[in-house]
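Predicted model only: the values in this text are computed from it and were never measured. Residue numbers begin at 1 in each chain, while the letters A, B, ... track the order of the sequences.
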Amino acid sequence: MTPAVGQPVDRVDGRPKVTGSARFSAEIPLPGMAYAALVGAHIAAGRITSIDTGEAEAAEGVLAVLTHENTPPIAAQPPLLPSLAGTAAPGQTFFPLQDDVVHYAGQHIAVVVADTHERAQHAASLLHVRYAEEPSVTTLDQGRDLAHVPEAIFGGFMPGRMSRGDLRKGIDEADVRLDATFTYAANNHNPIEPPATTASWEGGELTLWDATQGVTSTQQTVAALLGLPVSRVRVVGHYTGGSFGGKAMTWHHPALAAIAARTVGRPVKLALTREQMFTSMGHREEQEQTIMLAATGDGRLTALRHHKLSPTSHFDEWAEPSLGVASQIYGCPHYEGEYRLFRANTMTPTFMRAPGEASGMFAMECAMDELAERLGMDPLELRLRNITATDPMTGDPWSSWGLEECYRRGAERFGWAGRDPRPRSRREGHWMIGTGMASAGYPVAQPLTPQRARARLYADGTVLVQAATPDFGTGVATVMTQVAADALGLPVERCRFENGDTALPQIAAAVGSAGAGMISAAVHTAATALRDALVARAVADAESPLHGADAGAVELRDGRMVLRGDPGTGESYAEMMHRQFLPDLEALGSWNPGSGANGHALMTFGAQFAEVAVDADLGIVRVRRMVGAFAPGRVLNPKTARSQLMGGMIWGLGQALLEANHMEARTGRWAASSLGDYLVAVNADAPDVDVELVEVEDTVVNPLGVKGVGEIGQVGAGAAIANAVHHATGRRVRKMPITIEDLL
Amino acid sequence: MRPISYTRATGTTDAIAAVTADPRSHFLAGGTTEVDLLRQNVLAPRRLVDINDLPLTGVEEMPDGSLRIGALARMSQVAQAPVVRERFPLIAQALELGASAQLRNMASMGGNMMQRVRCGYFRDTASACNKRVPGSGCAAIEGTSRGHAVLGTSAHCIATHPSDVAVALAALDARIRTEGPGGERSYSFEEFFLLPGDTPDREHPLEHGELITVIEVPSVPIARHSAYLKVRDRESYEFALVSVAAALALADGLVLDVRLALGGVGTRPWRAERAEEFLLGAPAIPQNFHEAARVEMAAARPTSMNAFKVELACRTVVRALETLTGSPS
Amino acid sequence: MSSHVSANTAAESGVLPERGPEPVQVTLHVNGERRAVDIEPRVSLLDALREHLGLTGAKKGCDQGACGACTVLVDGRRVLGCLTLAITCEGREVTTIEGLAREGRLDPMQEAFIAHDAFQCGYCTPGQIMSAVALLREGHAGDDEEIKEWMSGNICRCAAYPNIRAAIRAVRDADPDAAPGTGSGA
Ligand SMILES: Cc1cc2nc3c(=O)[nH]c(=O)nc-3n(C[C@H](O)[C@H](O)[C@H](O)COP(=O)(O)OP(=O)(O)OC[C@H]3O[C@@H](n4cnc5c(N)ncnc54)[C@H](O)[C@@H]3O)c2cc1C
Ligand code: SF4
Ligand code: FES
Ligand code: FES
């Protein structure tokens, strides 16, 4: 029997998704449904001096208007912890509707509930709010002089400053030195499904259908905010329409939906509008990164300094960790990294696909390209001279590596060899053609809590595997079916994965590309435990052909337990279970990642290549092809893995050329708040993408050696494009995104 | 969106009478502007009068070679009409480079002439906007103005006219015919698309209840040799940063006739008359194309954020003309 | 076409019936079925389908015409449900993703989307499929450049675009008997 793992199995949730029968969180039909609409503050800083709800309350169909004047206080504000921790995970340590202070534009200041969607939306426009406005700080220029170096960032998980070696010494040893500053527009996730929560109370029990990356995060956060026993809060999220980090933390609306439903005594549906998505769910912060590279004449890095400046909210010290992979991927002995934050009138920024690494590696890999040019060296050769088999921060070896193989295979598929390094050396009509490459890396994050799954075999030989995790497009439901099938020796068609419900065994939010690794670990553990229990019963059963056999000598295939080397001796699960009057048998698996990495450093590696065409007169950039080679450990399903990597690479294209939001200094508001103004790639922007999978064995990271594919596709993709733009045009544009005006 | 009531009209007179009689009734065609802005609370009609059943959907070639496009012909339908594709390729291209396939199936030609600006402050009822609330100020001038106009602006409004096809039509001296309480009228584009001046809320001269019935495009033989070029950040589904509609006829290397209009840069679909004048009779060479564009753009009044549009417009003009002359770039 | 005044007199024109703003009965033909709903005239076709008819296949991504998630067919042509008022669809045939599969048999385009992994989260997918079905019928799937352009009104944030094109190519190149969109009313 060929193992199911590693096969390009079609998505198990394909049929509901292509027929429209998949129910997302705003699509749960409940009798007596009411609709909530949020109202956001028009100013970025100040106070609400009055809020007149009379007209809204009198409007047709309105059931309630909640403001800071009548909303019950929250029970407790849980601290900000990345949702991978497995506990409450509010996106920021602030909850609205508690007082009259406005901290950022769009901050929720009221919730209007009515009997129809249209009536709620309309009544929300009838509030009359007066403000005492104060000056706001939102832009890099306004905040630059107010910045401080934080103790820690990212919910306290990462230090604000890092170093190794002696930077001065590294600079003195160098023959060349390069200083460059990069600027980045803010980015918004913009999943196509707006975040939505449907809330329903039965007695004291709350059920929420929530569009989330982790039902447990929503459950824990809402329970804490509302002061409810966790046991009375159930969160269901069968389908989530894209997240990319935007639904990884629990923002305000799930709790507000619950409060609204309790207030009106009816189930309530609350979906953010597209516009509200820009001010209700965090974002990738606008930032500036300054990098200094020093190297010897033969291209060995001797010193690296990497500083980042960015705004954070008034409540939390958050920066996406941009200095991580850039500090580890090359063996540069002398290093200094520093985050600088300033307090601004914004939400707390949050994870957004390839958080930190996409922006940090953009700076690093563009600088490396520039260094290669200065040294007259092929950019790929420069990387090869500097890569390291051990983490330069700790000296620990990588649990698995594969980077050289990624360069080799990527370069081969792309046709990198023989590239004419001179800028502006290729032209087709009015198009200038250029190619570029970059390295990619993404840390392997581990959850902090045990991850659980349950496997239940029925006497008819079908198996049900359960875990709380939602599938927001990663393919986790498909892949876990494969993992369970192999552990139990069953074809995938006989296995079903049930997920997206806190009633099922607990799994932390699937973030930081950790989903496949940790969930497969839990499923594998559960299915293996079930297998062991089955075999133990068989060998102990006097009526079994396997009676008295060594359990270790029994193997599972095609739904049968047989003796290894003697497949004629054995029986099917069904036979044994019928005989033993067992309708089903189940096992709970718990994978505890606590043991840590055993002196290993955990990272996924890859290499990116891109070819662009730049219109010589009009400055239009079109990406003609992209090749990415990645070493994500074991590939559970090449079909879904490729899709995720491809998606990441196209995100890299978007970040490099399209996606931009800026705060307006005058108003403290986002310049873009629609899909018409915040541009994401459309079909015509996306070239065919060539994804090369380099499988590397990893015995450290988790039982199946899975390192994850969710984010690494984006890391380095933007840099490869920017480097290709330079190759095409001779211009170094040190910003994301690069737009027409930069190239005229 | 406010509560609204609804009336479906089947006859033109009925539709006009219904809207004329009620200052708070609006026509509803494809709804791609009207419904969008209703939901944004930018428009506040009491009632919509649905004109989709009116018999104004034809695309007809007249004996004199002119084209009559019914106000309710859909963008997709007009773009597909063989007469348009053959004789007026710039119209077909402008249409197909606009919006998306779905929107083009919905949007009517009359509605397209009447579409409102895409300025973010116009769409946001919390912002100052002279076009939406006369006298409230213009948030764009000091705000985000990358997409805004550089030609035809005023101290009161700098919003770009967003239509693509109107640019192609402007190049062809199209006319807009209406029927209304005051009878039938016909407007040149010059008359129809008003500059913002100090009344940016007044975008066209129509009376309340006046209905666009037909867009007339004169014969313009050189339109057979024409093109619409649209420059934008995204490859598709985006309004223009700059666009150029051009038609060109040469004789012995000299410009015999030329039509040129610009989109994305003007507060109205911008007929580039100065550039045309410069080019007439001049040798059809890139230097002259450049110079003509420069002459046209001399009047530009950009902001710091959209200054690049001036240069971009010049280069786009050159490219469009080069494409039509087949000159090497 | 005609731009001429119709025969009605001004007196007659005063009597055009007005419906709303309170809920009125609207009769829609959806996927071959006649469905009556009581809705306010301001209710969009998308909300009528999703909130009143239980047909949640068409998705709301922006409610502003800027994403294509709400794409459905009206009288066989692809349009956006979010910018269409339901009441304007009386007398027209509406086809949603739910009307594409016949007697449990998937439309070839639905099959191809699964086979080519043309989606991830699945939220844009019904809109993509309705658009793709219309695309083939319009004859706009000649080559990849054409598919790219004519599918650009459907944003996929998961960026499954190359696979969406592959699915469309596969249906285009398959047996013509298996033409897509042969479901009810489509
Ligand atoms: C996301 C998006 C992207 C777009 N991109 C582009 C683009 O790239 N290029 C482009 O050119 N356009 C674009 N558009 C605009 C689109 O073309 C217009 O919205 C459309 O043409 C309007 O036509 P309609 O029939 O839908 O008008 P409606 O929305 O029905 O009406 C618009 C206005 O005109 C009035 N009206 C309608 N018909 C008549 C008539 N016959 N006589 C008098 N008044 C009338 C209505 O009362 C209303 O006020 C885009 C729109 C959207 C939503
Ligand atoms: S540019 Fe015009 S539409 Fe925009 S805010 Fe100013 S006045 Fe309003
Ligand atoms: S929901 Fe209709 S286009 Fe986005
Ligand atoms: S599949 Fe997620 S948006 Fe397209």
Side-chain angles (χ1 to χ4, degrees), chain B residues 1-18 21 28 30-36 38-40 46-50 52 54-60 68-74 76 96-97 99-106 177 179 184 213-214 234-237, chain C residues 1-22 24 26 40-44 63-68 70-75 77-85 87-88 90-92 127 130-131 134-135 138 140 148-155:
Chain B
M1 192 188 291
R2 284 158 214 261
I4 43 166
S5 52
Y6 172 84
T7 291
R8 194 187 283 203
T10 49
T12 306
T13 315
D14 289 351
I16 293 167
L28 175 70
T32 60
T33 290
E34 185 74 26
V35 175
D36 183 27
L38 274 170
R39 195 168 286 134
Q40 295 286 131
R46 182 192 70 76
R47 175 178 67 163
L48 294 176
V49 175
D50 184 345
N52 286 291
L54 302 194
L56 299 173
T57 57
V59 180
E60 257 189 312
R68 288 169 67 92
I69 303 173
L72 285 158
R74 307 294 148 170
S76 54
E96 290 192 342
L97 288 169
S100 69
Q102 292 94 314
L103 285 159
R104 297 192 294 267
N105 278 340
M106 305 168 71
R177 291 184 73 95
E179 254 176 72
E184 294 194 30
T213 52
V214 179
R234 188 153 84 173
E235 176 99 41
S236 184
Y237 205 4
Chain C
M1 62 143 288
S2 152
S3 64
H4 292 289
V5 182
S6 65
N8 297 8
T9 65
E12 281 165 351
S13 67
V15 303
L16 278 184
E18 178 172 325
R19 297 159 72 194
E22 65 287 343
V24 296
V26 172
E40 296 174 330
R42 64 177 158 175
V43 173
S44 69
D63 228 11
Q64 298 180 323
C67 77
C70 60
T71 303
V72 296
L73 308 185
V74 173
D75 287 343
R77 302 188 319 156
R78 47 174 160 161
V79 300
L80 300 178
C82 69
L83 295 185
T84 302
L85 296 183
I87 196 168
T88 66
E90 282 183 314
R92 309 188 203 281
M130 296 313 284
S131 218
L135 173 94
E138 292 160 5
H140 285 133
K148 275 183 172 180
E149 172 56 34
W150 288 81
M151 285 301 291
S152 279
N154 292 83
I155 294 179

Evaluate side chain to side chain contact (heavy atoms under 4.5 Å, CB included) for Q102(B) paired with N154(C), printing each intermediate quantity in order.
CA-CA 9 Å; Q102(B) 292 94 314; N154(C) 292 83; 2.8 Å; yes
Between R74(B) and V79(C), does a side chain to side chain contact (heavy atoms under 4.5 Å, CB included) hold up when you go through it step by step?
CA-CA 12 Å; R74(B) 307 294 148 170; V79(C) 300; over 6 Å; no
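The two residues Y6(B) and I87(C) come nearest to each other via the heavy atoms CD2-CD1, 3.4 Å. The minimum heavy-atom distance linking P21(C) with S5(B) is given by the pair N-CB, 3.7 Å. Closest approach of W150(C) to A101(B), counting heavy atoms only: CE3-CB, 3.8 Å.
Within the 4.5 angstrom heavy-atom criterion, atoms from both the backbone and the side chain of D36(B) approach chain C. Looking at E90(C), both its backbone and its side chain come within 4.5 Å of chain B, counting heavy atoms on both sides. For a residue to count as touching a neighbouring chain, one of its non-hydrogen atoms must lie under 4.5 Å from one of that chain's; by this rule S76(B) touches chain C with the side chain only. Only the side chain of R39(B) comes within contact range of chain C, with heavy atoms under 4.5 Å apart. Contact of E149(C) with chain B is made through backbone and side chain together, with heavy-atom distances under 4.5 Å. In this structure, chain C has no heavy atom under 4.5 Å from any part of L97(B). The contact between I155(C) and chain B is made entirely by side chain atoms (from C-beta outward), counting heavy-atom distances below 4.5 Å. If you measure heavy-atom distances from R2(B) to chain C, the contacts under 4.5 Å come from the backbone alone. Heavy atoms closer than 4.5 Å to chain B are found in the backbone of C67(C), but not in its side chain. Only the side chain of L48(B) comes within contact range of chain C, with heavy atoms under 4.5 Å apart.
For R42(C) (side chain) and L38(B) (main-chain N/O), no donor-acceptor pair under 3.5 Å exists by modelled atom type.
How far CG of L80(C) is from CE of M106(B): 5.0 Å, rounded to the nearest 0.5 Å.
Ranked by non-hydrogen atom pairs under 4.5 Å with chain B, the options C82(C), S131(C), A134(C) are led by C82(C). Contact tally against chain C (heavy-atom pairs below 4.5 Å) for L54(B), T32(B), L72(B): the top residue is T32(B).
E235(B) and S152(C) share no donor-acceptor pair across their side chains, judged by distance under 3.5 Å alone.
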